[in-house]
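The chains referred to below are lettered A, B, ... by the order of the sequence lines, with proteins before strands, and numbering in each begins at 1. All heavy atoms count here, side chains included; hydrogens, waters and symmetry mates do not.
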2 protein chains.
Amino acid sequence: MLKQEELHAVCNMFKEEKLSKGAYFLKQNQPANKLSFIQSGLIRIFTHEDGKEITQWISSPGYFVTEISSFMFGGSSRWNMQALTEVELFSISISEYQKIVKVVPKWHELEKLFIVKCFVILENRIYNHLSKSAEQRYQEFFNQNPSLFNQVPLQYIASMLGMTPETFSRIRKKQLS
Amino acid sequence: MLKQEELHAVCNMFKEEKLSKGAYFLKQNQPANKLSFIQSGLIRIFTHEDGKEITQWISSPGYFVTEISSFMFGGSSRWNMQALTEVELFSISISEYQKIVKVVPKWHELEKLFIVKCFVILENRIYNHLSKSAEQRYQEFFNQNPSLFNQVPLQYIASMLGMTPETFSRIRKKQLS
DNA sequence: GGCGGCTCTTGATATAAATCAAGAAATCAG
DNA sequence: CTGATTTCTTGATTTATATCAAGAGCCGCC
């Protein structure tokens, strides 16, 4: 979809960067000033609100990560984003990002389609909350992301699936047998 | 953001259309071949699956409606979309839609930003399911959309908030007093 | 290699919400 | 207006999941 030279040019606009385990990619209430592609590693997106902590998502290699609302419209991030492992990123600042479209005229269109894909994933996630039990959500997510289950603390997966670690543990036990 | 003449040109590409109450804007498993702006009226988006019916969303005036996955990428619709009232739409077919960008070069960018806005709404909706009780979800939705509560059967709102009509009714009773 | 802190599991109990059932209220069609 | 649907409410009961509490496993660190 991109010409060879365009691809090269865009890639060169992203700068390699590393996060060590535990480092924050972005903190809640701060502006998101960069967009990053995850080359390797995992980033957890979460909030800390009146005592309890909610994991919203765990970002994995091959996807972009940023707080999109803050990045696109300004304002500050709704979430924390923290490296769960060593993370290799390719990052671009807002100012550089705005130049991409000069290099790749189709950028907005491609990005739009990419965001639509993500949108559809969220729609399905909501549908799961409207119609499925904790056990069904576990099962479906496990089928789609089996590898995540031995890479991160399970309590985080429990939270992003909308259940407690205890419930998660009991479902897991049932599934293993 | 659009020049006067562009706005005119785009508007003319959308054709006025009416749906009578109960008519389907789109049926599940059929391709979405148009994008529509809701001028007036309400459209309910739902699935009918193994006996139970899940209302995913109720689309209201000022927003666009289509099954975005099907419209952008082909394939068939995941949902039914049915008029809850008389509905006035401005609709455009896929083939005409693809011509918009010739008239309004910024179209992809504008549309991208629009989709991002919707994306953020979905993220927040998921967050509500991860962190809030039925009562809190009711309250928040009521505060944001009070007018919907006397326009559509409440059972549909209950479903899109992820609770049964009975639970919804009890919460409602509590809130009224 | 052992200590301290995370993480996970397990059991007991509590609670929110679902389900079942029936009747009341509202809406619609003729 | 009147009967027939549909929608909403209410109470009784059940169920899924949360909460509380304690112990077990695992892991990094000195």
Side-chain angles (χ1 to χ4, degrees), chain A residues 20-23 42 44 46 48-55 58 82-86 126-142 146 148-177, chain B residues 20-23 41-42 44 46 48-55 58 80 82-86 126-142 146 148-177:
Chain A
S20 49
K21 182 172 175 174
L42 297 166
R44 180 169 74 109
F46 68 102
H48 217 76
E49 207 171 286
D50 42 83
K52 62 182 173 175
E53 191 181 276
I54 304 290
T55 295
I58 294 168
Q82 186 182 25
L84 283 179
T85 62
E86 286 279 308
I126 289 171
Y127 181 73
N128 285 345
H129 278 281
L130 300 184
S131 68
K132 297 196 165 78
S133 66
E135 191 167 344
Q136 288 172 310
R137 295 198 303 275
Y138 174 102
Q139 197 54 260
E140 183 168 316
F141 188 76
F142 180 77
L148 203 61
F149 285 63
N150 43 40
Q151 289 182 74
V152 304
L154 299 175
Q155 55 183 315
Y156 299 154
I157 300 178
S159 178
M160 69 180 263
L161 292 177
M163 65 187 83
T164 61
E166 293 94 332
T167 296
F168 185 95
S169 173
R170 284 183 249 267
I171 291 172
R172 183 166 177 251
K173 185 182 182 186
K174 212 196 284 186
Q175 301 293 347
L176 290 175
S177 60
Chain B
S20 49
K21 182 172 176 174
L42 297 165
R44 179 169 74 109
F46 68 101
H48 216 77
E49 207 171 283
D50 44 81
K52 63 181 174 178
E53 191 181 276
I54 305 290
T55 294
I58 294 168
N80 292 294
Q82 187 181 23
L84 283 179
T85 61
E86 286 279 309
I126 288 172
Y127 182 73
N128 285 346
H129 279 281
L130 299 184
S131 67
K132 297 194 165 79
S133 66
E135 191 166 341
Q136 289 171 310
R137 294 198 302 275
Y138 175 101
Q139 196 56 259
E140 182 168 319
F141 188 76
F142 180 78
L148 204 60
F149 285 63
N150 44 36
Q151 290 182 71
V152 305
L154 299 175
Q155 56 184 314
Y156 298 153
I157 300 178
S159 179
M160 70 180 262
L161 292 177
M163 64 187 84
T164 61
E166 292 94 332
T167 295
F168 184 96
S169 173
R170 284 183 249 265
I171 291 171
R172 183 166 177 251
K173 185 183 182 184
K174 213 195 285 184
Q175 302 293 345
L176 290 177
S177 61

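- Between chain A and DNA chain C, the heavy-atom contact criterion of under 4.0 Å yields a 5' to 3' nucleotide range of C:dT7 to C:dA12.
- Counting to the nearest Å, the P atom of D:dT17 and the NZ atom of A:K132 are 14 Å from each other.
- Rounded to an integer number of Å, the gap from CD of B:E135 to C1' of D:dA18 is 17 Å.
- Where B:E166 and B:K21 each meet DNA chain C at their nearest nucleotide, the meeting point lying more 5' is that of B:E166.
- Taking all atoms of both residues into account, the shortest heavy-atom contact from B:S20 to B:A83 is O-CB, 3.7 Å.
- Base contact: B:R170 has a heavy atom under 4.0 Å from a base atom.
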Identify every side-chain donor-acceptor pair in residues 155-170 of chain A under 3.5 Å, counting partners at least two apart or on other chains, and give the distances.
unit_1: A:S159; atom_1: OG; unit_2: A:T55; atom_2: N; d: 2.8
unit_1: A:T164; atom_1: OG1; unit_2: A:T167; atom_2: N; d: 3.2
unit_1: A:T164; atom_1: OG1; unit_2: A:T167; atom_2: OG1; d: 3.1

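- The NZ-P distance, from B:K174 to D:dT9, rounds to 15 Å in whole Å.
- Ring orientation note: the planes of A:H48 and A:F46 are nearly perpendicular, at an angle over 60° on the 30°/60° scale.
- Checking the phosphate oxygens (OP1, OP2) of D:dT17, no side-chain nitrogen or oxygen of A:T167 falls inside 4.0 Å.
- To the nearest 0.5 angstrom, B:I54 atom CD1 is 12.5 Å from B:N80 atom CG.
- Regarding B:I157, its CD1 atom lies at a distance of 13 Å from the P atom of D:dT7, rounded to whole Å.
- Between A:H129 and B:L130, the closest side-chain pair of non-hydrogen atoms falls below 4.5 Å.
- Each end of the helix from C:dG1-D:dC30 to C:dG30-D:dC1 yields a helix axis from five base pairs, and these two axes differ in direction by 50° (to the nearest 10 degrees).
- Rounded to a whole Å, the CZ atom of B:F149 is 16 Å from the C1' atom of D:dT7.
- Contact annotation: the side chain of B:Q151 approaches that of B:L42 to within less than 4.5 Å [non-hydrogen atoms, C-beta and beyond].
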Quick one: do A:R44 and A:V152 satisfy side-chain contact (heavy atoms from CB on, under 4.5 Å)? Show the steps, please.
-> CA-CA 9 Å; A:R44 180 169 74 109; A:V152 304; over 6 Å; no
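- B:R137 contributes a side-chain N or O that, together with a main-chain N or O of B:K132, makes up a donor-acceptor pair within less than 3.5 Å.
- Regarding A:K173, its NZ atom lies at a distance of 13 Å from the P atom of D:dG25, rounded to whole Å.
- A 4.5 Å side-chain heavy-atom check between A:Q175 and A:Y138 finds at least one atom pair inside the cut-off.
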